[in-house]
Protein chains: 2
Amino acid sequence: MPYHHGDLRRALLDTALAAIVEQGPVAISLRELARRAGVSHAAPTHHFRDKTGLLTAIATEGWSLLADALDAVTDRDFAELGVAYVVFATTHPAHFAVMRAPGLVRADDHGLVAAQQRAGASLGTEPDGAPRDRTTALAGWSLVHGLSSLLLEGMVAPDPGSDVESLARAVTGRLGRPLPGRNPR
Amino acid sequence: MPYHHGDLRRALLDTALAAIVEQGPVAISLRELARRAGVSHAAPTHHFRDKTGLLTAIATEGWSLLADALDAVTDRDFAELGVAYVVFATTHPAHFAVMRAPGLVRADDHGLVAAQQRAGASLGTEPDGAPRDRTTALAGWSLVHGLSSLLLEGMVAPDPGSDVESLARAVTGRLGRPLPGRNPR
DNA sequence: GTCGTAACTTGTCAACGTCAAGACTCGCGC
DNA sequence: GCGCGAGTCTTGACGTTGACAAGTTACGAC
């Protein structure tokens with residue numbers, strides 16, 4: 001094992017993500033992550049100042065990946081964006097758990113706020129690029145954020161034989177969509 | 001200070017709730033709660049086996065209070081239930097933070113599950129007492145759960161001059177109701 | 001009144017997060 | 001090809017925490 005790890009930062013993030021899936025974001029310990037990565041107990045300090053720093057990095061990466069996933073949706077109807085949101089949450093449970101956990105991250109971190117805003121902007125933009133009506137955007141965001149949370153908390157599960165994607169599609173379909181010519185924004 | 005506290009269990013819960021508002025549910029320490037309550041560092045153990053036990057008790061109480069709040073809504077239209085949900089979350093931030101935090105509580109705790117189901121049943125019941133369509137109920141629950149979360153995470157705030165209740169009313173109004181006469185809003 | 005039981009204390013342990021100081025190694029300037 | 005600084009990692013230490021064990025005190029039923 002070389003003295004210089006190569007990419008210890010990435011390795012620690014990946015180890016942390018795996019541990020979070022197993023034990024939740026609260027139960028992880030920096031020392032155990034270091035152990036799993038084969039480095040000394042204080043090595044993480046240099047890459048992420050402290051535990052909050054590590055979790056902030058994970059949350060930032062999460063929001064950024066979510067923004068990427070939303071930007072990749074070609075049919076920018078809200079239903080499709082919403083489905084992408086829920087699919088992201090269930091395929092990146094560790095990221096999403098940290099993103100929505102209260103008091104685990106430095107909420108005023110620059111990179112974190114920027115990544116959050118990028119994701120928010122993607123949700124709050126109409127297919128034609130115009131900003132969505134605030135109430136509509138908020139309702140949509142709430143809906144998919146809440147559904148993702150309920151799924152990850154285990155309070156709701158897709159019907160057997162069905163999957164998360166079709167559940168998300170059914171639920172987002174309940175959102176009152178303003179009809180094309182009839183409603184501003 | 002008497003040897004027997006009187007109602008240490010309640011005192012610890014209240015102290016914990018206050019501390020959670022200040023520092024978040026993760027940062028609280030059993031020892032500090034004991035200190036604030038004026039008892040020895042091991043006293044909490046006897047009332048709540050461990051830290052998870054305390055948080056489970058808070059979550060249980062939260063779901064139970066929420067169920068009470070929902071049951072107290074006389075106009076059982078979903079919009080009103082939803083407003084009550086969001087109002088509960090913002091007026092009981094400590095409870096709600098624990099209720100929705102991942103991995104902090106014993107999710108299989110009997111009392112907790114029962115309280116959750118009581119709240120869920122209230123949301124999933126039509127004004128006339130009939131069970132609501134599953135997708136509709138889930139959409140509504142997701143919407144208000146998500147909105148509450150976004151508010152408490154500080155990612156969204158009511159417009160200045162407005163308040164949480166009217167914001168919740170506006171947002172729940174965006175939910176398409178599968179009633180005859182199709183125009184929501 | 002005594003006695004069982006519940007409530008609380010004191011003492012202890014391993015693990016953790018964080019800090020300070022030192023050791024190693026890489027790569028750039030010369 | 002060589003020194004040297006900056007970046008990377010280690011070692012060691014400190015205070016705090018959650019949890020456990022064993023002992024002490026008060027309450028209430030009989």
Side-chain angles (χ1 to χ4, degrees), chain A residues 1-20 22-59 94 97-98 101-107 109 111, chain B residues 1-20 22-59 94 97-98 101-107 109 111:
Chain A
M1 189 75 63
Y3 195 90
H4 279 62
H5 182 283
D7 195 353
L8 180 56
R9 183 187 156 89
R10 186 69 253 166
L12 286 171
L13 286 175
D14 291 338
T15 310
L17 289 170
I20 288 171
E22 294 169 20
Q23 322 168 0
V26 178
I28 66 168
S29 114
L30 287 182
R31 287 174 109 104
E32 191 187 327
L33 297 183
R35 241 174 275 133
R36 290 203 204 184
V39 293
S40 80
H41 62 116
T45 299
H46 195 267
H47 293 274
F48 318 93
R49 204 170 81 198
D50 53 14
K51 192 173 180 177
T52 306
L54 195 168
L55 293 170
T56 303
I58 290 178
V98 178
L104 248 50
V105 304
R106 255 184 287 279
D109 180 89
Chain B
M1 189 75 60
Y3 194 91
H4 278 62
H5 182 284
D7 194 355
L8 181 57
R9 183 188 156 89
R10 185 69 253 166
L12 286 172
L13 286 175
D14 291 338
T15 309
L17 289 170
I20 289 171
E22 295 169 19
Q23 323 168 359
V26 177
I28 67 167
S29 114
L30 287 182
R31 289 175 106 104
E32 189 186 329
L33 297 184
R35 244 174 273 134
R36 291 204 204 185
V39 294
S40 81
H41 62 134
T45 299
H46 195 265
H47 293 275
F48 318 93
R49 203 171 81 202
D50 53 14
K51 191 173 180 175
T52 305
L54 195 167
L55 293 171
T56 302
I58 290 179
V98 177
L104 247 50
V105 304
R106 255 184 287 280
D109 180 89

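We name chains A, B, ... by the order of the sequence lines, and we start the count at 1 in each one. Values below: every heavy atom of this structure, side chains too, minus hydrogens, waters and symmetry copies.
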Residues, nucleotides or ligands: over 12 heavy atoms within 6.0 Å of B:Arg49 CZ: no
Touch class at under 4.0 angstrom, heavy-atom based, for B:His41 against every strand present: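 B:His41: base contact, heavy atoms under 4.0 Å.
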[atom1] of [X] versus [atom2] of [N]: gap in Å, rounded?
X       : N      : atom1 : atom2 : result
B:Arg10 : C:dA7  : CZ    : P     : 16 Å
B:Asp7  : C:dA6  : CG    : C1'   : 14 Å
A:Phe48 : C:dC19 : CZ    : P     : 16 Å
A:Glu32 : C:dA15 : CD    : P     : 11 Å
B:Ile28 : D:dG18 : CD1   : C1'   : 12 Å
B:Lys51 : D:dT17 : NZ    : C1'   : 8 Å
A:Asp50 : C:dC16 : CG    : C1'   : 13 Å
A:Leu55 : C:dG17 : CG    : C1'   : 13 Å

Side chain of [X] (C-beta onward), nearest among [options]:
X       : options                : answer
A:His47 : D:dC9, C:dT9, D:dG18   : D:dC9
B:Ser40 : C:dT9, C:dC8, D:dC9    : C:dT9
A:Leu8  : D:dT11, D:dA19, D:dC9  : D:dC9
A:Ser29 : C:dC16, D:dG18, C:dT9  : C:dC16
B:Arg35 : D:dT17, D:dA19, D:dC20 : D:dT17
B:Val39 : C:dT18, C:dT9, D:dG18  : C:dT9
B:His46 : C:dA6, D:dA21, C:dT12  : C:dA6

[X] side-chain N/O to [N] phosphate OP1/OP2 under 4.0 Å:
X       : N      : result
A:Thr45 : C:dG17 : no
A:Arg9  : D:dC9  : no
B:Arg31 : C:dT9  : no

Within-4.5 Å side-chain heavy-atom neighbours: B:Leu13 and B:Arg10: yes
Within-4.5 Å side-chain heavy-atom neighbours: A:Asp50 and A:Arg106: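 They are in side-chain contact.
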Reported CD1-to-CG distance for the pair B:Ile28 and B:Leu55, which is rounded to 0.5 angstrom: 5.0 Å
Given A:Val98, A:Asp109, A:Leu104, the one that forms side-chain contact (heavy atoms from CB on, under 4.5 Å) with A:Thr56: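 The option that passes is A:Asp109.
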